[in-house]
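Reviewing the structure listed below.
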Amino acid sequence: MLDEHDHRALGQRLDLFHLQEEAPGMVFWHPRGLVLYRLLEEHVRQRMRREGYQEVRTPQLYAQPLWERSGHWDNFRENMFLVEDGARHLGVKPVSCPGHIELVQRMAPSYRDLPLRLGEFGLVHRAEPGGALHGLFRLRQFTQDDGHIFCAEPQVVPEVVRFARSLKDFYAGFGFDDVQVAFSGRPASRAGRDELWDKAESWLLLAAKEAGLQCHMQPGEGAFYGPKLEFVLKDRLGRAWQCGTIQLDLVLPERFDLHYVDASGARVRPVMLHRALLGSLERFIGVMLEHHGGALPPWLAPQQVVVASVGEGAADYAERFAAKLQEAGCRASVDRRGESLSRKVLDAHAAGVPWLVVAGAREVAAGNVRLRQRDGAQRDVPWEDAAAELVASCRPAPNA
RNA sequence: GCCCUGAUAGCUCAGUUGGCAGAGCGCAUCCUUGGUAAGGAUGAGGUCACCAGUUCAAUCCUGGUUCAGGGCUCCA
């Protein structure tokens, strides 16, 4: 029996998603859950655009030699899904980096194009060991808010600083106010010469210092291709969740013989930065659900307002109020069932709806509505003021 | 991948010392038009995870598989 605050139980109670035996480690997103997923995705997309990323989409399957070249074949072959394609094997992508590298190869960038920032909501598949799966936290199919920055060496530090700026505001928009930073250095099993690692680690540490980040040092915890800065969120239960990351990679550009053309016409090797804000969208949703105990901030609630009519005579009044909210972009609906108000309150609460609006004969007569918040607080508010307040409450946080 | 525990209705679970399968919620129909956390009645809904074995008889015992929960390992 799952605890009622477990995101798997919340996902069911809020009718967001489910998992089932026929598709282990993969999510069935219900209509409400997909609303939440899309809100999160669109929020990140807007931020990426503001930060100068161009969104792309790359293939799901690649021939085995590409994974051999990237090093994923050596390091993660056991955790990759393979598909037969005639005489050869295709590997289902567990990461999007090689796809972005291929894309950049084809773009044949000049130094004028740098830093080249590519973003992708990358759907990835990993054949995680059976015992590792855990609800949305550890899936076999999930979506990364992935991005790669291809830049010249002098641009590395400024790009890392740029990434780190306003991150606190971004996470605060989801209700996470405690963000800690960790630096993960070269692991025992790695690709690339030690000189490359020396360079990569010193640049990343310098960037962290310039960005004013206080890093907790984690030697040996880096990726096989480079060191990482990790952004760790603390939730209400004090648990730590690594979500954001930026990783400095001098290895993959070399392995793929990636280059750009500099001002003198010479071919130069770019540096690659791997970065994500949420890591996995699915996992982030799980973390948010548990952090908020299912009571998501209004801007992320799949259903923001339920207008509960009391008595048949007030149903049209309730419909008009809901329509006004909907026109303003609010996710509002009317509960005009022939049920008691208690039942409507209970159902809206169980569904995680932040605002309940009561519209009955009294409200019709007074030209107002009665607002009920999640905590049960109630007050009468004139029609126009109530609409304005609800619309404002349902807008996303400005800085995020 | 390893250790432990489990799998019974759409969901959460009870139960059968081996002999016709149970509840609550949800769902359907009808009644009820209701004022802030469960209105009432009736009804439908099951290959007791899957595959073998033991047995007159298996949802129940045994083995295997799959999946799940807890822990470990791993997490690009």
Side-chain angles (χ1 to χ4, degrees), chain A residues 1-4 6 8-9 11-15 18-26 28 30 67 70-80 91 93-98 122 124-135 137-140 142 144 146 148 184 187 189-191 221-228 230 241-242 245 247 249 251-252 274 276 279-280 283 306 308-315 318 335-351 353 355-365 369-380:
Chain A
M1 174 68 188
L2 292 174
D3 184 89
E4 61 178 313
D6 186 290
R8 292 163 290 188
Q12 188 162 293
R13 196 193 88 204
L14 303 176
D15 194 19
H18 81 269
L19 301 162
Q20 70 182 47
E21 184 170 356
E22 287 73 12
M26 294 176 266
F28 286 82
H30 295 201
W67 299 115
S70 72
H72 290 89
W73 189 257
D74 282 343
N75 287 282
F76 298 105
R77 177 203 319 209
E78 300 306 314
N79 293 321
M80 283 179 62
K93 77 171 177 184
V95 290
S96 298
C97 344
V124 297
H125 294 76
R126 299 179 181 181
E128 301 286 9
L133 298 179
H134 185 94
F137 292 158
R138 192 79 179 269
L139 291 165
R140 303 217 290 181
F142 59 97
Q144 297 179 307
D146 207 354
H148 296 94
S184 294
S189 170
R190 59 181 181 268
E221 296 292 315
F224 76 82
Y225 48 71
K228 316 192 261 191
E230 300 175 6
W241 301 96
Q242 191 240 295
T245 183
Q247 309 169 357
D249 180 0
V251 171
L252 291 183
H274 308 244
S280 150
R283 177 168 171 273
V306 165
S309 59
V310 182
E312 284 177 337
D335 186 348
R336 57 185 300 169
R337 292 175 299 165
E339 297 285 351
S340 67
L341 182 56
S342 293
R343 164 58 70 176
K344 296 183 182 186
V345 168
L346 177 67
D347 288 349
H349 191 264
V353 179
W355 290 101
L356 185 78
V357 176
V358 177
R362 298 210 287 261
E363 286 73 23
V364 173
V369 293
R370 192 158 174 87
L371 300 186
R372 183 197 160 101
Q373 292 176 234
R374 269 202 275 242
D375 62 5
Q378 302 168 38
R379 58 208 150 86
D380 290 309

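Computed from heavy atoms alone, side chains included, the values below leave out hydrogens, waters and symmetry copies. Each chain gets a letter, A, B and so on, in the order its sequence line appears, and its residues count up from 1.
- Comparing C56(B) with G45(B), their C1' atoms sit 32 Å apart, to the nearest whole Å.
- If you check every strand for non-hydrogen atoms under 4.0 Å, Asp347(A) touches nothing.
- Taking the side chain of Glu21(A) as heavy atoms from C-beta on, and the options C75(B), U36(B), C67(B), the nearest nucleotide is C67(B).
- Straight-line distance from the CG atom of Leu341(A) to the C1' atom of G35(B): 5 Å, rounded to whole Å.
- Distance noted for atom C1' between G19(B) and A57(B): 7 Å (whole Å).
- A salt bridge is absent between Lys228(A) and Glu221(A); no separation between the charged side-chain nitrogens and carboxylate oxygens falls under 4.0 Å.
- The aromatic ring of Phe76(A) is stacked on the base of A76(B), with the two ring centres less than 5.5 Å apart and the planes inclined by under 30°.
- The CD atom of Glu22(A) sits 14 Å away from the P atom of A49(B) (whole-angstrom rounding).
- Residue Gln247(A) places its side chain closer to A76(B) than to any other of G35(B), A76(B), C74(B).
- Looking at Gln144(A) and Ser96(A), their side chains never bring a donor and an acceptor atom within 3.5 Å of each other.
- Base pairing in RNA chain B yields stems of at least 3 consecutive Watson-Crick or G-U pairs, both distances under 3.5 Å, namely B:1-7 with B:66-72, B:10-13 with B:22-25, B:27-31 with B:39-43, B:49-53 with B:61-65.
- Candidate nucleotides A76(B), G1(B), U36(B) were compared by shortest atom distance to the side chain of Pro129(A), and G1(B) ranks first.
- If you take atom C1' in C48(B) and the same atom in G22(B), they sit 12 Å apart, rounded to whole Å.
- Rounded to whole Å, the separation between the C1' atoms of A28(B) and G15(B) comes to 27 Å.
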### Query
Stepwise, does the ring pair (Phe, Tyr, Trp, His ring centres under 6.0 Å) test hold for Tyr225(A) with His274(A)?
CA-CA 10 Å; Tyr225(A) 48 71; His274(A) 308 244; 4.4 Å; yes

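- For His134(A), whose side chain is taken as the heavy atoms from C-beta onward, the closest listed nucleotide among G35(B), G70(B), A37(B) is G70(B).
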Write out a two-atom table: protein N or O, nucleotide N or O from nucleotides 38-41 of chain B, distance below 3.5 Å.
residue, atom, partner, partner atom, Å
G39(B), OP1, Arg343(A), NE, 3.4
G39(B), OP2, Ser340(A), OG, 3.2

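- For the pair Lys93(A) and A76(B), the criterion of a side-chain N or O lying under 4.0 Å from OP1 or OP2 is not met.
- Residue Phe137(A) contributes atom CZ, which lies 12 Å from atom P of G69(B) at whole-angstrom precision.
- The CG-C1' distance, from Asp3(A) to U12(B), rounds to 14 Å in whole Å.
- The side chain of Arg370(A) sits closest to G35(B) out of A76(B), A37(B), G35(B).
- Look at CZ on Arg138(A): it is 16 Å from C1' on G69(B), rounded to the nearest Å.
- Phosphate proximity of G70(B) to Arg8(A): present, with a side-chain N or O under 4.0 Å from OP1 or OP2.
- Below the 3.5 angstrom threshold, one finds a donor paired with an acceptor across the side chain of Glu363(A) and the base of G35(B).
- For Gln12(A), taking side-chain heavy atoms from C-beta onward, the closest of the listed nucleotides A76(B), U36(B), C11(B) is C11(B).
- Of the possible donor and acceptor atoms, one in the side chain of Asp335(A) sits under 3.5 Å from a partner among the backbone N and O of Arg337(A).
- The base of C75(B) is not paired with the side chain of Arg126(A) by any donor and acceptor separated by under 3.5 Å.
- Of the side-chain N and O atoms in His349(A), none sit less than 4.0 angstrom from OP1 or OP2 of U36(B).
- Comparing Pro94(A) and Arg362(A), the nucleotide of RNA chain B nearest to each residue sits closer to the 5' end for Arg362(A).
- Looking at heavy-atom distances under 4.0 Å, Ala361(A) makes contact with a base.
- Ala132(A) comes within 4.0 angstrom of a nucleotide base, judged by non-hydrogen atoms across all strands.
- Among the protein residues, Gln373(A) comes within range of no part of the nucleic acid, since none of its heavy atoms lies under 4.0 Å from any strand.
- When side chains are defined from C-beta on, Leu133(A) counts as touching Arg140(A), because their heavy atoms get closer than 4.5 Å.
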